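Following: one structure in structure tokens, then a few remarks.
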Amino acid sequence: MADTLTETAPGSTRPAPADAATAFAGTPDPATTPVPAQRAPERVPTVIADGVDIVYRVTGAGSGRGSATSALSRILGRRRRPGVREVHAVRNVSFTAYRGEAIGLIGTNGSGKSTLLRAVAGLIPCENGRIYTDGQPSLMGVNAALMDDLTGERNVTLGCLAMGMSREQVRERYDGIVDFSGVNEKGDFISLPMRTYSSGMKARLRFSIGAAKDHDVLLIDEALATGDRAFQKRSEERIRELREKAGTVFLVSHSNKSIRDTCDRVLWLEKGELRMDGPTEEVLAEYERFTGK
Ligand SMILES: Nc1ncnc2c1ncn2[C@@H]1O[C@H](COP(=O)(O)OP(=O)(O)OP(=O)(O)O)[C@@H](O)[C@H]1O
């Protein structure tokens, strides 16, 4: 199945090279491997990250001191060209995700979780290494970008159409999306412009639109943190459903509880490096020792 994987890169997709097919899980060569009496169920890879490095380049970065003297020297022209500072956000990260997995991404602030997620979505390029994905990954909250001046109603329709749903599918799912988001719990907010929503309401509607479609690879960045407990429970339930429908879900979260409730595998990033990759309980136990929680 790996031969259907494509490389994610902003604005382009191309077939993975032949060696990507063997870059995961030590795929046996059928010509030389005896066929076992009973085959284990086939694990289908959906995302392969192979030695990924991601570097941000910040132009206009100062010396870092931010002092009045450095500002004055810039004004006086002694530092005519502001420097470019590099932030090495992800360092040599490799993993393979399989269909049906829900994978938590954990790590302390600034450890590279969101950056890695955005790279899997194909939104930022890799400095080194490659990411191959099966189908188009959807980053919750970006693919369903909502517009403040439009009503919630209009945003639901446009968001769904933008995800490739037909008008009929949108009609069928509209009520479910609005109910799921809970934005109408305190009045008829769905017919008001989104600028009248609280940030939590916006995040809930964004999640509800994104979750209305079955995704091959769904990337969720802290979406569950914004809702109340009832919304979190609905969202966790929906993540489990999406997973059962054979997709792969990645969830970035600082809530170990959300990770425990939804994920069976965890990638722990620290200072951009993949520190641990394994079953949720094992990785969280180490992480909690590390953070002292
Ligand atoms: N647009 C950007 N330009 C420059 N540096 C960035 C940019 N976005 C993130 N970084 C840097 O990359 C590193 C990783 O950031 P990232 O947001 O991926 O971490 P994170 O683990 O998601 O953090 P958090 O848990 O705080 O959300 C940090 O050092 C951050 O300062």
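Both ligands and their constituent atoms are indexed starting at 1 by order of listing. In this text the structure is predicted, and so the values were computed from the model without any measurement. Residues: numbered from 1 along the sequence shown.
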Atom 17 (O) of ligand 1: the protein heavy-atom neighbour that sits closest, reported with distance to 0.1 Å: S114 CB, 3.9 Å
Nearest-neighbour protein heavy atom for atom 26 (O) of ligand 1, which is reported as residue plus atom name and distance: N109 ND2, 2.8 Å
Ion pair check, E236 and K233, cut-off under 4.0 Å: no
Same cluster (ILVMFWY, side-chain, under 4.5 Å), L146 and L150: no
Enumerated ligand 1 atoms positioned under 4.0 Å from heavy atoms of T115: 14 (C), 15 (O), 16 (P), 18 (O)
SB check E288 R260 (cutoff 4.0 Å): yes
Salt bridge present between E168 and R171 (N-O < 4.0 angstrom): no
Per-atom contacts, ligand 1 versus H254 - under 4.0 Å to a heavy atom: 24 (P), 25 (O)
Heavy-atom gap R57 to ligand 1 smaller than 4.0 Å: no
Identity and distance of the protein heavy atom lying nearest atom 31 (O) of ligand 1: V87 CG1, 4.7 Å
Note: R265-E101 ion pair, threshold 4.0 Å (strictly below): yes
D221 and R118 ion-paired at < 4.0 Å: no
Ligand 1 contact on V58 by region, counting heavy-atom pairs under 4.0 Å: side chain
Subset of ligand 1 atoms that lie under 4.0 Å from at least one heavy atom of S111: 19 (O), 20 (P), 21 (O)
Nearest neighbour in protein (non-hydrogen) for atom 21 (O) of ligand 1: K113 NZ, 2.7 Å
NZ/NE/NH1/NH2 to OD/OE distance under 4.0 Å, R238 and E241: yes
Closest protein heavy atom to atom 19 (O) of ligand 1, given as residue, atom name and distance to 0.1 Å: G112 N, 3.2 Å
Derivation of the side-chain contact (heavy atoms from CB on, under 4.5 Å) call for R85 and R57: CA-CA 6 Å; R85 206 171 324 153; R57 289 194 172 73; over 6 Å; no
Minimum-distance protein heavy atom relative to atom 14 (C) of ligand 1: G110 O, 3.4 Å
Nearest-neighbour protein heavy atom for atom 10 (N) of ligand 1, which is reported as residue plus atom name and distance: Y56 CE1, 3.4 Å
